[in-house]
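Here is how names work: the chains are called A, B, and so on, in the same order as the sequence lines, proteins then strands, and each is numbered from 1. Atoms considered below: every heavy atom in the structure, side chains included; atoms not considered: hydrogens, waters and symmetry mates.
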There are 2 protein chains.
Amino acid sequence: MSSDPEPLPDARTRLASAALDAFAAKGFHGTTTRDIAAAAGMSPAALYVHHPSKEALLHELALVGHAQVLALVEEAAVSVPESDPVGQLARVVEDFVRHHARAHLGARVVNYELSALTEDHLAEIQAIRHGIDVVVRGIIERGVAAGVLHTPDPHMTTLAMLSLGIDVARWYREEGAWSPDDVAVHYRGLALRMVGAA
Amino acid sequence: MSSDPEPLPDARTRLASAALDAFAAKGFHGTTTRDIAAAAGMSPAALYVHHPSKEALLHELALVGHAQVLALVEEAAVSVPESDPVGQLARVVEDFVRHHARAHLGARVVNYELSALTEDHLAEIQAIRHGIDVVVRGIIERGVAAGVLHTPDPHMTTLAMLSLGIDVARWYREEGAWSPDDVAVHYRGLALRMVGAA
DNA sequence: TGATTGACTAAGCGCTTGCTTACCATGGCT
DNA sequence: AGCCATGGTAAGCAAGCGCTTAGTCAATCA
């Protein structure tokens, strides 16, 4: 008897990461259960020992991925005092962008395959996305109120800032010249200038 | 006998726009030839009278869509004198963003379904994308040389600027509070501040 | 007028899909 | 020893896939 209430055996993880790679490369509908099973070194039927359906696998990936990003954003925000919105924003953007470069395959699935989810599962994910938006918008709005950030529309600027980070997952390549840190640092500068805080 | 060397009958256009809507909503692999034909009001076989394959349909949409964007960017660039890189950049970003909001369904297909193309067709599209990048990077590099734009890495900044516009196609909704013009104008401001030109 | 052409459809072919069934091997518990 | 839970497989089912075939029909042309 393990102390883990929900044991995550190796095969389950292997299936999930095989699915992540395949979904990122060919999309949810372009990936077959046979692709996933083969990449995890199992027969197609083994997938159903661990996950009830292909969609459930996507849902789990999306849920974990979004939860990670929300946690990352919240941690970045509280790691800098609330009295320093510029510092908070710098930290959030840097960490957000670094994550989307470093984990670009996962981030791709998480951001571009949502339309394959069931209505219920999609709604669950949207709620987490809203949470991320709230944290970032809060920082920007407090910065504007304090006179250290400047934008005519904090709502749209928040969207643009997150958008900039998310899209890194689309274009980032490991073989390229830039490390995740390179991109994160550069984007932090862009973001700060966008709100007149550089 | 028409003067048109290649007559584009109505049905062909209807199929293309039905495909565009379907690909944008459910992705290339999530869309069936029966979906497309039904939306165009025809039998599945009629699709093959006008297009040799489902992939060829995607290729045509991608080609036309990319050509439009390249033309739009080039026209925006030459509509402002070369001696004014700030004005050129403002105009390019504004037009680029407006297009990605206004034609967000088409832009979605054009940017997010490329992996479903054959190798040859993809290479053709990448060449056009490179052309777009060259125009925008040229403006930024000349602006930096002239001392009116500022960025430590014109290459990455160009990428970020295009990325910002492209991602509009992912999140833009007609039902939202913002018109394509609203987004275009706001993003123009963000872009100029990103390169210290506001 | 009769032949030809071009757009279209009903039917369906061969294959692949997501998922299920029936079964098997192993290892820990009583 | 006997049992059964766990995690796996081989085989295959029903449905759906991209695409083809064979043929219809209206407009065009010699």
Side-chain angles (χ1 to χ4, degrees), chain A residues 1-23 25-62 109 113 115-121, chain B residues 1-23 25-62 109 113 115-121:
Chain A
M1 185 181 299
S2 133
S3 66
D4 246 337
E6 192 141 340
L8 286 193
D10 204 39
R12 202 182 140 84
T13 311
R14 255 159 55 225
L15 281 166
S17 87
L20 187 142
D21 288 348
F23 291 162
K26 306 188 292 178
F28 178 79
H29 293 295
T31 299
T32 70
T33 54
R34 285 163 179 83
D35 290 340
I36 298 168
M42 309 177 188
S43 77
L47 193 152
Y48 295 90
V49 172
H50 300 280
H51 302 93
S53 70
K54 193 175 84 154
E55 191 272 346
L57 233 175
L58 173 63
H59 174 235
E60 189 183 303
L61 294 175
V109 174
E113 302 300 326
S115 71
L117 290 172
T118 63
E119 215 173 325
D120 290 354
H121 287 167
Chain B
M1 184 181 298
S2 135
S3 65
D4 245 337
E6 193 143 338
L8 285 193
D10 204 39
R12 200 182 141 86
T13 311
R14 255 158 55 226
L15 281 165
S17 88
L20 188 143
D21 288 349
F23 291 162
K26 306 189 292 179
F28 177 80
H29 293 294
T31 299
T32 71
T33 54
R34 287 163 178 82
D35 290 340
I36 298 168
M42 308 178 190
S43 77
L47 192 151
Y48 295 90
V49 171
H50 301 280
H51 301 93
S53 71
K54 192 174 84 153
E55 190 272 346
L57 234 175
L58 173 64
H59 174 235
E60 189 182 304
L61 294 175
V109 174
E113 301 300 327
S115 71
L117 290 171
T118 62
E119 213 173 325
D120 289 354
H121 288 167

Measure from the side chain of [X], starting at C-beta and using heavy atoms only, and say which of [options] lies closest.
{"X": "A45(A)", "options": "dT9(C), dA11(D), dG7(D)", "result": "dA11(D)"}
{"X": "P44(A)", "options": "dT9(C), dT20(D), dC19(C)", "result": "dC19(C)"}
{"X": "T32(B)", "options": "dG18(D), dT9(C), dC19(C)", "result": "dG18(D)"}
{"X": "V49(A)", "options": "dC19(C), dT20(D), dT9(D)", "result": "dT9(D)"}
{"X": "S43(B)", "options": "dC19(D), dA10(C), dT9(D)", "result": "dA10(C)"}
{"X": "H50(B)", "options": "dC19(C), dC19(D), dC8(C)", "result": "dC8(C)"}
{"X": "Y48(B)", "options": "dC19(D), dA7(C), dT9(C)", "result": "dC19(D)"}

Measure the distance from [atom1] on [X] to [atom2] on [N] and round it to the nearest whole Å.
{"X": "K54(A)", "N": "dA15(D)", "atom1": "NZ", "atom2": "P", "result": "19 Å"}
{"X": "D35(A)", "N": "dT16(C)", "atom1": "CG", "atom2": "P", "result": "12 Å"}
{"X": "L47(B)", "N": "dG18(D)", "atom1": "CG", "atom2": "P", "result": "10 Å"}
{"X": "L15(B)", "N": "dA7(C)", "atom1": "CG", "atom2": "P", "result": "12 Å"}
{"X": "K26(A)", "N": "dT16(C)", "atom1": "NZ", "atom2": "C1'", "result": "13 Å"}
{"X": "H51(A)", "N": "dG18(C)", "atom1": "NE2", "atom2": "C1'", "result": "16 Å"}
{"X": "M42(B)", "N": "dC8(C)", "atom1": "CE", "atom2": "P", "result": "5 Å"}
{"X": "I36(B)", "N": "dC8(C)", "atom1": "CD1", "atom2": "P", "result": "16 Å"}

Would you indicate, yes or no, if dC19(D) has its OP1 or OP2 atom less than 4.0 angstrom from a side-chain nitrogen or oxygen of T33(B)? no
To the closest 0.5 Å, what do you measure between NE2 (H51(B)) and OG1 (T33(B))? 13.0 Å
Is there a donor-acceptor pair under 3.5 Å between the side chain of E55(B) and the backbone N or O of T118(B)? yes
With no hydrogens and no angle check, is any side-chain donor or acceptor of K26(B) less than 3.5 Å from a backbone partner on H29(A)? no
Less than 6.0 Å separating the ring centroids of H121(B) and H59(B)? yes
Is the base of dG16(D) touched by the side chain of R34(B) through a donor-acceptor pair closer than 3.5 angstrom? no
Test item: side-chain donor near acceptor, D10(B) and T13(B), under 3.5 Å: no
